[in-house]
Number of protein chains: 2
Amino acid sequence: MEEAAVHAERDDIDEKVIARLVDDARTTYADIGDELGLSAPAVKRRVDRLREVGVIRGFTAVVDLDVLGWRTEVFVEIYCAGKISSDDILSTLERHPEIADLCTVVGEPDAIVRLLAADTQHLEAALERIRSEPLVLRTRSTVVLSRLLERPRA
Amino acid sequence: MEEAAVHAERDDIDEKVIARLVDDARTTYADIGDELGLSAPAVKRRVDRLREVGVIRGFTAVVDLDVLGWRTEVFVEIYCAGKISSDDILSTLERHPEIADLCTVVGEPDAIVRLLAADTQHLEAALERIRSEPLVLRTRSTVVLSRLLERPRA
DNA sequence: GGTGAAAACGAAAGCTC
DNA sequence: GAGCTTTCGTTTTCACC
C-alpha cells in the first residue's frame, strides 16, 4: 500500500500549487502563497516535497515549434517483428533526435511515436532512418495539419 | 518576408538559451550566461525578445500523471461525417476535460486526440461522451502502456 | 506552518564598444 | 544593436519558533 501512502501525502492545497506551476512555472512562491493563504516558505516546502516524491518532474519552457521553423509533425505507428521488450524499443529509437514522444501501446501497433521535423525532406529522411532499423517491421504515418488544443494536464 | 525576418533574428546563442530553458525553466539568467559567456542582463534581454516574438510561449511544470493517479492514457483517432472545419472540431471537443491534445491530421482519420483519465471507468465514460457527439462518426483507440520518452523539443 | 535575516536573483538605468 | 556593470527592490532560502 505504499502507493496509497504517496497519494495520501497530497491534499487539495498541493493540487492548487501544482495547477499554478503548470500554468506558469516561474510563478513566485509568494504569489502562490497569497492565493492559497500560505507563506512563501510553506509553498516552497510543498514544491520541494512534490519534486522529491516525483509528482513534479521538472520545469520546462514551452517552445512554439512552428515559429522555430520545425513545421512538420507526424504520428508514426511502429509495428515490430515478434516479441520485443520496451527496453529494446527505447534503445533503438532514442538515437533518432526527431522523436519527440515515444510510448508502447496495446492495440495493433507496438509503439506510437511523435516525430518533429523541419520540413518534409527532413521528415522523409528521419522516417527512412527509423524504418531501416532491424527491429521495425513496418510503420503507419499520420501527418498533423494543425495542433488545435494543448493541455499539459487535463 | 516577415517570417524570414523572425528566423534571421535567432542565432546559435538563442538556440542554446532555449535549450537550457527547455531543460529547466527555472534556470537563472546568470547560470545560462555563465555557460554561454554572457552576463545575466544580456540573457534576460534575449529571453524577453524570444517571448515577445513567440518562440517561447511560456513556462510550465512537468507533472508525472502516473504518480498523480491519472494512469490511463489513450490515443483516439476521430473519424467525422462529411466535410467539417477545424473550428467545428475544436468547439465540440474542447468541452471534454479529458482531452490533453487535439490536432487535425491528413490521413485516414480527421483528428487525433490524446485522452488522459484516472482509470478505465473514467476513460470509458469519456470515450462514450465523445462518441455521442453528432460530429463524430467513429473512433479508433490505442491504449498507452508506458511512456518511454518525452522530449518537448527534439 | 509562520517569522525574520542573509544570500541570491531579477529589473532597470547608464555607459562602452 | 548588443553587451557589461552598478544599483535597488524582490525572491529565495535557511535558521529558529
Side-chain angles (χ1 to χ4, degrees), chain A residues 2-70 152-153, chain B residues 1-64 67-69 152-153:
Chain A
E2 62 177 2
E3 166 193 310
V6 170
H7 287 183
E9 278 168 24
R10 285 184 305 105
D11 59 8
D12 296 354
I13 299 176
D14 282 338
E15 294 287 340
K16 286 171 187 164
V17 171
I18 293 169
R20 200 71 195 72
L21 286 173
V22 168
D23 184 55
D24 180 6
R26 296 211 136 188
T27 315
T28 64
Y29 297 136
D31 280 351
I32 299 173
D34 283 347
E35 281 181 30
L36 274 55
L38 289 177
S39 67
V43 175
K44 178 186 158 34
R45 277 197 288 261
R46 280 174 183 267
V47 174
D48 286 345
R49 183 170 40 81
L50 288 168
R51 295 198 69 166
E52 260 179 53
V53 173
V55 175
I56 295 176
R57 290 211 301 223
F59 302 100
T60 187
V62 181
V63 172
D64 193 319
L65 295 157
D66 196 62
V67 175
L68 256 181
W70 286 54
R153 240 200 96 204
Chain B
M1 283 287 252
E2 61 179 0
E3 168 193 311
V6 169
H7 288 181
E9 277 167 25
R10 284 186 304 104
D11 58 8
D12 296 356
I13 299 177
D14 282 338
E15 293 287 340
K16 284 171 187 163
V17 170
I18 293 169
R20 201 69 195 74
L21 286 173
V22 168
D23 185 56
D24 180 7
R26 295 211 135 192
T27 316
T28 65
Y29 297 136
D31 280 350
I32 298 173
D34 283 346
E35 281 181 31
L36 273 55
L38 288 178
S39 67
V43 175
K44 178 189 157 34
R45 278 223 292 260
R46 282 175 181 267
V47 174
D48 286 346
R49 198 190 60 237
L50 288 167
R51 294 197 69 166
E52 260 179 53
V53 173
V55 174
I56 295 176
R57 289 211 301 225
F59 303 100
T60 187
V62 181
V63 171
D64 191 319
V67 175
L68 256 183
R153 242 202 94 203

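None of the values given here were measured: they were computed from a predicted structure. A note on names: the letters A, B, ... follow the listed sequences, proteins ahead of strands, and every chain is numbered from 1.
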Value in whole Å for how far the P atom of C:dA8 lies from CG of B:Asp31:
12 Å

Report yes if the side chains of B:Val62 and A:Phe59 come closer than 4.5 Å at any heavy-atom pair, otherwise no.
no

Round to a whole Å and report the spacing from CG of B:Asp14 to P of D:dA2.
9 Å

Distance col, row A:Asp24:CG vs B:Thr60:OG1, nearest 0.5 angstrom, shows 8.5 Å

Salt-bridge criterion met for A:Lys16 and A:Asp12 (N-O under 4.0 Å):
no

Any A:Arg46 side-chain heavy atom under 4.5 Å of A:Ile32 side chain:
no

Here the gap from B:Asp64 atom CG to A:Leu50 atom CG, rounded to the nearest 0.5 Å, amounts to 11.5 Å

Just the rounded figure in Å: distance from C1' of C:dA8 to CD1 of B:Ile32.
15 Å

Generate the contact string for nucleotides 11-17 of chain C. Rules: B means base contact, S means sugar-phosphate contact only, - means no protein heavy atom under 4.0 Å.
SB-----

Starting from the 5' end of DNA chain C, give me the residue, A:Leu38 or B:Ala40, whose nearest nucleotide shows up first.
A:Leu38

Pick base, sugar-phosphate or nothing for B:Gly37, based on heavy-atom distances below 4.0 Å to the nucleic acid.
sugar-phosphate

Quick one: which of D:dT5, C:dT3, D:dA2 gets closest to the side chain of A:Ser39?
C:dT3

Can you see which heavy atom on B:Ala25 is nearest to which on A:Ala61, and at what distance?
CB-N, 3.9 Å

Integer-rounded Å distance: D:dT10 P and A:Arg26 CZ:
19 Å

Return yes if some donor-acceptor pair links the side-chain N/O of A:Thr27 with the main-chain N/O of A:Leu21 below 3.5 Å, else return no.
no

When the distance from CZ of B:Arg51 to P of C:dG10 is rounded to whole Å, what number comes out?
13 Å

Difference in axis direction between the ends of the helix from C:dG1-D:dC17 to C:dC17-D:dG1, five pairs, 10°
30°

Whole-Å distance between C:dG10 C1' and B:Arg46 CZ?
18 Å

Residue pair A:Val43 / A:Tyr29: nearest heavy atoms and the distance that separates them
CG2-O, 3.7 Å

At under 4.0 Å between heavy atoms, what does A:Thr28 touch on the DNA or RNA strands: base, sugar-phosphate, or nothing?
sugar-phosphate

Under-4.0 Å side-chain N/O to phosphate OP1/OP2 contact, B:Arg49 with D:dG1
no

Going by salt bridge (Lys or Arg N to Asp or Glu O under 4.0 Å), name the pairs with one or both residues in residues 29-41 of chain A, residues two or more places apart or in two chains.
A:Arg20-A:Glu35

